Each structure stands twice: as structure tokens, then as C-alpha cells.
Amino acid sequence: MKQIAIIDHFGGLDFRIIPGYLADRNHAVYTQDGRLFLVRVERVYQAGSDLYIEDRSTAVITLSNRCTFNEIAQIVARLQGMTAWEFLTQDVLNFPGQQYDFHMI
């Protein structure tokens, strides 16, 4: 996966730059405090280097609460290889006592 810089914009002049990895054209993953997050990003070309800004109009998904650097590519590859049905039945339903509100059409 390609390493990128993600701009997390809080509004006005407040922002931080997070190192992350491009999972596909519009999505990236990054770690913070050992947790792995998936975000939607938008590419911004800046004088020879690619920067990506986090799309704040969408959700941030926690993919793992305990993730090492070596596991990042494995987790992304596993998710990319699953159907939505496999994800729901093999991963989401395996957490007892949890309730998830998905917004389906």
C-alpha cells in the first residue's frame, strides 16, 4: 500500500497531518493509539506530492482496536476480498451484545 499524508481539517486554520496508507482511490487507513481507522479521503495535488484530505462529511470506521504495522495490509486485503454479506455474517454478527444501526435504502 502507498504511504500518504492525510490532512485532518478541524475548521479554519486548525488541522493535523496524519501518516496513513491508501487502501483504494478514495479510502485510506491510519493508526492512532494502536487502533486502525478507515476514512474516506479526497486527493489534493500539491507541488509534486500527493496529499489527501479526510472527508469529514462521512463516518470514520474503527477496523481494529489492537493493530500492529504488519497487520495493516492483511486487514485491508481481507476486507477488500469480502462481500458485504460475508462481512456482516462473519464479522459483525460475531460480537455478542452489540447492536449496529446501518442506514440501508
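Counting from 1, the numbers follow the sequence of the chain as shown. Not measured: the values here are computed from a predicted model.
By the 4.5 Å heavy-atom criterion applied to side chains, R43 and N26 are not counted as neighbours. A heavy-atom distance below 4.5 Å is found between the side chains of I53 and E42. Annotation: side chain of H9 is not in contact with side chain of R56 (no heavy-atom distance under 4.5 Å). At a threshold of 4.5 Å between non-hydrogen side-chain atoms, the residues F37 and Q32 count as touching. A heavy-atom distance below 4.5 Å is found between the side chains of V41 and L22. Taking 4.5 Å as the limit, every side-chain heavy atom of I7 sits out of range of all side-chain heavy atoms of E54. Inter-residue side-chain proximity for Y30 and I6 is flagged as met; some heavy-atom pair is nearer than 4.5 Å. Side-chain atoms of S64 and R35, non-hydrogen and from C-beta on, never get closer than 4.5 Å to each other.
When all heavy atoms of F15 and I17 are compared, the pair lying nearest together is CE1-CG1, 4.1 Å. When all heavy atoms of M1 and A23 are compared, the pair lying nearest together is SD-CA, 4.3 Å. What you find for N65 and T62 is that their closest heavy atoms are OD1-CG2, 3.6 Å.
Atom CG of residue D24 and atom CG of residue L79 lie 11.5 Å apart, to the nearest 0.5 angstrom. One finds the OH atom of Y52 at 14.5 Å from the OH atom of Y21 (value rounded to the nearest 0.5 Å).
Comment: D33 does not engage R66 in a salt bridge, judged by the lack of any side-chain N to carboxylate O separation of less than 4.0 angstrom.
Residues L38 and F87 share a hydrophobic cluster, clusters being chains of Ile/Leu/Val/Met/Phe/Trp/Tyr side chains in contact below 4.5 Å. Note: the hydrophobic cluster containing V39 also contains I4 (ILVMFWY, side chain heavy atoms under 4.5 Å, direct or indirect links). Clustering ILVMFWY residues whenever any of their side-chain heavy atoms sit less than 4.5 angstrom apart, transitively, puts V60 in a cluster other than the one holding V29.
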Run N70 and T68 through side-chain hydrogen bond (donor to acceptor under 3.5 Å, both in side chains) and show every step you take. CA-CA 5 Å; N70 295 332; T68 65; 5.1 Å; no
Do L36 and I72 pass the side chain to side chain contact (heavy atoms under 4.5 Å, CB included) test, and can you show the C-alpha distance, the side-chain angles, and the key distance before you say yes or no? CA-CA 8 Å; L36 181 64; I72 294 172; 4.1 Å; yes
Go through the steps to decide whether E86 and D91 satisfy the test side chain to side chain contact (heavy atoms under 4.5 Å, CB included), and finish with yes or no. CA-CA 8 Å; E86 288 170 335; D91 290 293; over 6 Å; no
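Q80 contributes no side-chain N or O that, together with a main-chain N or O of I75, makes up a donor-acceptor pair within less than 3.5 Å. Checked by atom type and distance alone, the side chain of T31 never pairs as donor or acceptor with a backbone atom of G34 at under 3.5 Å.
Enclosure of atom CZ in R25 is not indicated, since only 12 or fewer non-hydrogen atoms of other residues, nucleotides or ligands lie within 6.0 angstrom. For R78, the CZ atom sits in a loose shell: 12 or fewer heavy atoms of surrounding residues, nucleotides or ligands are nearer than 6.0 Å.
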